[in-house]
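Both ligands and their constituent atoms are indexed starting at 1 by order of listing.
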Amino acid sequence: MEDSLKAKLANFFQKPKIVILIAYLVIGTYLCLLMAINFQSQTALQKSTLKRIHLDLEKRAFSLGYFFSERKHGLESIATSKDVLSYFINKSLGMSEAYGLKVSLFVIKQILLKTLQEKSIQGDPIYMRLLLVDTSGRPLIDTASESQEAFFFSSVKTAPSPDEPPIVFIDQENNKIKLVLKTPCILQGEVMGSLISILNLDTVRKHFVDFSPNPSLDRFDLVSNDGRIMRSDDAAQCPDFRELTSMTIHQLPEDQFSLIKFPSERAHAKQMMVTRVTIHNVPLYLLSWVEKKTITGTLTPWQSLLGTAFLALMILLGIVKLVKFNTENLVLQTRYDESKRQQHRLASKNQQLKHEISQRQKIETELEEQRSLQMRSDRLRSLGEMAAGIAHELNQPLVGVRGKAELTLLSLAQEGPLVPQKIENNVQTIIEQVDRMVHIIDHVRLFARNAGKVEISRVDLNDIVCTALTLVMVQFKSYDLHLEKILAPRKLFVLVNPFSVEEVIFNLLTNARDAVESKKKEAGQNYRPDISIRTGSDELENQKNIWIEIKDNGSGIPESIIPSIFDPFFTTKDPDKGTGLGLSICKSIVEEFGGTIDLESREGEGTAFIIHFPECRTPTETDETIPFP
Ligand code: ADP
């Protein structure tokens with residue numbers, strides 16, 4: 001399973017490796033392109049936004065410049081008007097103020113007041129105050145009431161040259177910002193005085209500076225030479241602007257935007273773009289305030305670049321994770337498939353095993369049946385072997401019975417009236433002989449019934465040997481062999497089924513007989529067949545053992561077949577002579593009663609089988625359950 005999994009994985013990683021690499025390259029290239037395009041479009045957007053703002057600023061500067069030049073022309077026409085000039089002519093002619101000049105000044109004042117009232121833009125007054133001053137700066141006419149603050153003219157005292165353009169300056173007295181326009185009154189090339197107008201800052205701001213349709217986004221301001229924001233209302237209230245005045249705003253390069261970072265606390269929240277456009281002919285600056293995000297958007301190109309790069313990284317990581325996850329899934333799937341296949345294999349093997357087991361059980365049952373049949377035939381063979389002995393055994397008492405009966409008849413014929421004592425003796429003998437026959441027949445019946453059964457009894461091994469020998473002795477004699485019996489002088493009690501042990505003795509004696517017969521065929525006349533049966537006891541490891549030895553000087557067993565002779569159906573004999581079951585039955589009977597069976601054999605010299613049983617010293621309840629002999 002491991003091998004197939006490895007092969008699959010190797011296969012997977014070999015082919016898809018190229019696919020994954022290509023996928024990475026494609027995604028990487030796509031993301032790089034995306035970043036580049038994003039960066040480029042952001043930069044282009046910035047440029048166009050800046051351009052738009054700058055154009056807007058220029059438009060305002062142009063209209064403001066136009067406004068100033070209009071004012072300049074307006075004031076110039078008043079300053080060079082007949083009424084103003086006639087005042088200065090009369091004055092130069094020596095006319096006193098009380099006489100002619102007062103009228104002139106009155107007329108000029110009327111003109112100035114009218115101008116003050118008439119000059120407006122959409123209802124908003126352009127001028128706040130108009131003054132006519134002499135060359136020393138002393139006001140000749142002032143449209144303001146006396147309660148209004150005095151105007152500080154130090155800055156206009158210096159008489160301007162006739163070619164000098166109108167100037168704009170700020171009166172910083174009382175910290176008030178004012179937009180002032182000064183026009184010289186020139187008579188025959190000589191400056192006689194100046195016409196000073198104080199412009200309405202609100203009107204200027206409202207109509208020319210700060211008229212953005214969306215003031216929250218863009219805001220415009222007028223800035224003076226010294227960098228002060230011109231706001232009549234809130235210049236003092238807005239700290240940002242106040243801070244900004246300290247900056248040399250006019251040093252900002254024209255046509256260029258700069259980023260102003262306010263030093264105040266709110267600086268981080270409010271960064272603004274600032275640029276300047278110098279108003280034509282007027283020393284004023286126009287500033288535009290634009291929120292940074294309107295130009296760069298919420299992200300700067302670099303931020304968006306970084307953001308996209310981060311996104312790309314995340315996507316790549318995601319893909320890596322996905323591939324890893326898929327690989328793990330594949331491994332699990334393969335393992336699952338493999339275990340399923342194994343399960344199927346196991347199930348079919350199981351089925352096969354079941355089939356084999358049932359077949360084997362069938363064969364075993366058949367074998368068992370065959371074995372029991374063989375055992376029965378083996379036992380019948382033993383009975384057959386016994387038959388001659390039985391016949392002999394029965395023959396003897398029968399001969400005795402017949403003899404006694406004939407003797408009785410003869411006695412009756414010859415001797416007349418019977419001697420009661422003689423008849424009694426004869427009948428007694430007949431009864432004894434008949435008893436003996438009954439006993440033999442009973443034994444045979446019991447053997448047939450009990451041999452092979454598990455019932456056990458405490459019996460003397462010598463008795464079993466004697467009974468067995470009685471039955472085979474006659475038959476063995478017909479084979480012309482010498483059978484020797486050496487029994488232990490004491491009783492050898494064992495706990496066995498005596499008929500089964502008798503069967504063992506029959507089998508071993510039969511094998512011994514076959515072995516000596518076989519050798520006799522080969523050895524010839526000089527050979528004297530000998531079979532001995534001995535019993536005895538010995539002590540081994542504090543356990544008294546009873547033994548029985550059946551020894552012959554027959555053909556012996558070749559060493560090579562010794563390990564097999566106890567196997568069922570192992571035989572070296574012809575089929576009509578041997579079944580191969582004798583020794584296997586002997587072994588199972590002996591072991592059933594806690595005994596052992598061993599052998600010593602030499603090929604060509606003979607064999608000895610030795611059986612050991614544990615001694616049974618004390619009588620048990622099972623005694624006499626099987627009557628023997
Ligand atoms: P069977 O006698 O029917 O062949 P056994 O199980 O009794 O079956 O014996 C198995 C084999 O062991 C015999 O065929 C024989 O070759 C060998 N054998 C048994 N007893 C002797 C013996 N006393 N001498 C020589 N060979 C023997």
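For Lys551, the NZ atom sits in a loose shell: 12 or fewer heavy atoms of surrounding residues, nucleotides or ligands are nearer than 6.0 Å. The neighbour count for Glu559 CD, taken as heavy atoms of other residues, nucleotides or ligands under 6.0 Å away, does not exceed 12.
Classification of the Phe613-Phe593 ring pair by plane angle, with boundaries at 30° and 60°, yields tilted.
Using a cut-off of 4.0 Å between Lys/Arg side-chain N and Asp/Glu carboxylate O, Glu338 and Arg341 are scored as salt-bridged. Between Glu615 and Lys491 there is no salt bridge, since no side-chain nitrogen of the basic residue lies less than 4.0 Å from a carboxylate oxygen of the acidic one. With salt bridges taken as basic N to acidic carboxylate O contacts below 4.0 Å, one links Lys587 and Glu591.
When heavy-atom distances to ligand 1 are checked against a 4.0 Å cut-off, Thr572 comes that close through both its backbone and its side chain.
Of all atoms in ligand 1, listed by their number and element, those nearer than 4.0 Å to a heavy atom of Gly578 are 3 (O). Near Ile557, with a cut-off below 4.0 Å to any heavy atom, the atoms of ligand 1 are 25 (C), 26 (N), 27 (C). Of all atoms in ligand 1, listed by their number and element, those nearer than 4.0 Å to a heavy atom of Phe609 are 20 (N), 23 (N). Atom numbering of ligand 1 starts at 1 in the shown order; those under 4.0 Å from a heavy atom of Gly556 are 25 (C). Of all atoms in ligand 1, listed by their number and element, those nearer than 4.0 Å to a heavy atom of Phe570 are 10 (C).
Between atom 1 (P) of ligand 1 and the options Arg513, Lys519, Lys573, Glu603, the minimum heavy-atom separation is to Lys573. The option with the heavy atom closest to atom 24 (N) of ligand 1, from among Ala515, Cys586, Gly606, Ala512, is Ala515. Taking only non-hydrogen atoms, the option from Ile585, Asn511, Ile565 nearest to atom 17 (C) of ligand 1 is Ile565.
Residue Leu583 has at least one nitrogen or oxygen atom sitting less than 3.5 Å from a nitrogen or oxygen atom of ligand 1, judged on distance alone. In terms of polar-atom proximity, defined here as any N/O pair under 3.5 Å, Ser584 makes no such contact with ligand 1.
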*Test salt bridge (charged side-chain N to carboxylate O under 4.0 Å, His left out) on Lys520 and Glu517 and set out the steps.*
CA-CA 5 Å; Lys520 199 158 101 182; Glu517 275 298 295; 3.4 Å; yes
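When all heavy atoms of Leu492 and Asp460 are compared, the closest pair comes out as N-OD1, 2.8 Å.
Contact annotation: Asp552 has at least one heavy atom less than 4.0 Å from an atom of ligand 1. Contact between Phe566 and ligand 1 is absent, with no heavy atom of the residue lying under 4.0 Å from the ligand. Between Gly580 and ligand 1 there is a heavy-atom distance shorter than 4.0 Å.
Without hydrogens or angle criteria, Thr535 side chain to Ala488 main chain gives a donor-acceptor distance under 3.5 Å.
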